[in-house]
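Here's the structure we're looking at; comments come further down.
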Amino acid sequence: MTRHFLTIFDLSREELLGVLDRAAELKALRGTPAHPQPLQGKSVAVVFEKASTRTRLSFEVGIHELGAQPVTLNSKDTQLGRGEPIEDTARMLSRYVQGVVYRTFGHDRLEALARCATIPVVNGLSDKFHPVQLLADLMTIRQNFGPSLEGVRVAWIGDGNNMAHSWIASAAVAGFELVLACPPGYQPDEQVLAEARARGAKVRVVERPEEALDGVDVVTTDVWASMGQEGEATERQRAFSGFIVDDVAMKRAATDAIFLHCLPAHRGEEVSASVIDGQQSRVWDEAENRLHTQKALLEWLIV
Ligand code: CP
Ligand code: NVA
């Protein structure tokens with residue numbers, strides 16, 4: 001059966017930990033003759049309807065390191081950008097390549113691609129979820145606090161957006177404790193929360209950062225205006241006033257707490273330069289871990 005990776009909910013806990021274990025192995029083997037090339041002779045398409053730096057780089061490099069050829073398509077210079085249906089794109093891609101990574105707006109477009117494709121589909125970010133980022137974030141947490149994710153306490157400070165939803169799904173699958181501080185009007189999707197809670201997630205949503213931060217192991221945030229919301233930037237800056245992760249906020253967390261951010265970041269808005277560039281920040285390990293975790297994911301999905 002063809003498996004897809006559209007949200008973290010698509011994996012069992014055992015599968016998630018298996019991908020993270022394999023990512024650590026691939027990191028250790030990187031650059032050595034023992035590094036495997038399980039996708040030799042294959043091709044994987046990486047399709048973008050939104051901007052990207054890390055997702056493009058990490059998938060292109062990772063696909064190449066697994067022995068396959070990455071084929072990157074930007075919608076604006078393909079027929080997708082001229083209105084070719086996503087369903088037809090899925091059928092066509094399935095005849096050429098062995099997997100597809102897709103970054104788009106509406107999550108329904110990813111679901112339509114997966115429904116009509118006969119190859120694995122990976123969510124490279126939608127308006128609702130960014131699950132490949134969470135694989136990297138969870139790998140980074142394990143590098144700092146050990147392999148068991150249960151018992152780790154995470155605070156999300158900011159918008160109830162695609163990253164927040166991915167943290168919520170991850171709390172359900174991995175079993176860590178999550179508190180999200182989101183201002184009224186910017187709270188996470190109730191259905192995502194309900195699905196996570198139905199799977200046993202320990203998740204709370206509060207309205208102020210001070211209610212979320214005490215003693216946590218991980219503090220994380222994201223931009224206040226995501227891709228496609230640029231026109232709301234000014235009203236969002238007002239709504240998120242007081243939500244900056246700065247030194248005062250980090251002092252509420254555990255003394256050995258780490259700071260994560262999927263990037264790109266806006267210093268002086270959601271995070272201070274002193275925090276993102278400071279001792280507790282792990283954002284560069286986190287960005288690197290995109291490569292290792294996505295290689296493990298693609299190997300698991302395609303081989
Ligand atoms: N974090 C992340 O997905 O970065 P890009 O938008 O640069 O791909
Ligand atoms: N929430 C952000 C994440 C970027 C990687 C966005 O969707 O733009």
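Source: prediction; values computed, not measured. As the structure lists them, so they are numbered: ligands from 1, and atoms in each ligand from 1. Here, residue 1 is the first one in the sequence, and each next residue gets the next number.
- The shortest N/O to N/O separation between Lys50 and ligand 2 does not fall below 3.5 Å.
- Neither the backbone nor the side chain of Arg56 has a heavy atom within less than 4.0 Å of ligand 1.
- Under a 4.0 Å N-O distance rule, the pair Arg22/Glu299 qualifies as a salt bridge.
- At a 3.5 angstrom cut-off on N or O pairs, Leu263 counts as close to ligand 1.
- Looking at Ala136, Cys262, Gly124, Ser52 and measuring to atom 1 (N) of ligand 1, the nearest heavy atom belongs to Cys262.
- The Asn161 neighbourhood of ligand 2 comprises atoms 1 (N), with distances under 4.0 Å to a heavy atom of that residue.
- Using bins of under 30°, 30° to 60° and over 60° for the plane-to-plane angle, the ring pair Phe240/Tyr186 lands in the tilted bin.
- Under a cutoff of 6.0 Å and an axis angle of 45°, Lys202 and Phe176 do not form a cation-pi pair.
- Closest heavy-atom approach to atom 2 (C) of ligand 2 within the set Ala265, Ser226, Gly228, Ala164: this belongs to Ser226.
- For atom 6 (O) of ligand 1, the nearest protein heavy atom (residue, atom name, distance) is Arg103 NH1, 2.9 Å.
- With Arg54, His130, Lys50 as candidates, the residue nearest to atom 3 (O) of ligand 1 on a non-hydrogen basis is His130.
- Each of Asn289, Asp285, Thr293 was checked for a side-chain hydrogen bond (donor to acceptor under 3.5 Å, both in side chains) with Thr140, and the lone residue meeting it is Asn289.
- Atom 8 (O) of ligand 2 has Met227 N, 2.8 Å as its closest protein atom, hydrogens excluded (heavy atom only).
- Counting heavy atoms of neighbouring residues, nucleotides and ligands inside a 6.0 Å radius, atom CD of Glu230 exceeds 12 of them.
- Side-chain heavy atoms closer than 4.5 Å link hydrophobic residues (I, L, V, M, F, W, Y) into clusters, and following such links, even through other members, never connects Leu39 to Val121.
- At least one heavy atom of Leu263 sits under 4.0 Å from some atom of ligand 2.
- Considering only non-hydrogen protein atoms, atom 7 (O) of ligand 2 sits nearest to Asn162 ND2, 2.8 Å.
- The protein heavy atom nearest to atom 2 (C) of ligand 1 is Arg290 NH1, 3.4 Å.
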Check: Between Met250 and Val245, does a side-chain contact (heavy atoms from CB on, under 4.5 Å) hold up when you go through it step by step?
Finding: CA-CA 7 Å; Met250 288 303 290; Val245 177; 3.9 Å; yes
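- Leu125 and Ile63 are members of different hydrophobic clusters when ILVMFWY side chains are connected at heavy-atom separations under 4.5 Å.
- In this structure, atom 4 (C) of ligand 2 lies nearest to the protein heavy atom Leu125 CD1, 3.8 Å.
- Among protein heavy atoms, the minimum distance from atom 3 (C) of ligand 2 is reached at Asp222 OD2, 3.6 Å.
- A donor-acceptor distance shorter than 3.5 angstrom exists from the side chain of Arg13 to the backbone of Val173, with no hydrogens or angles considered.
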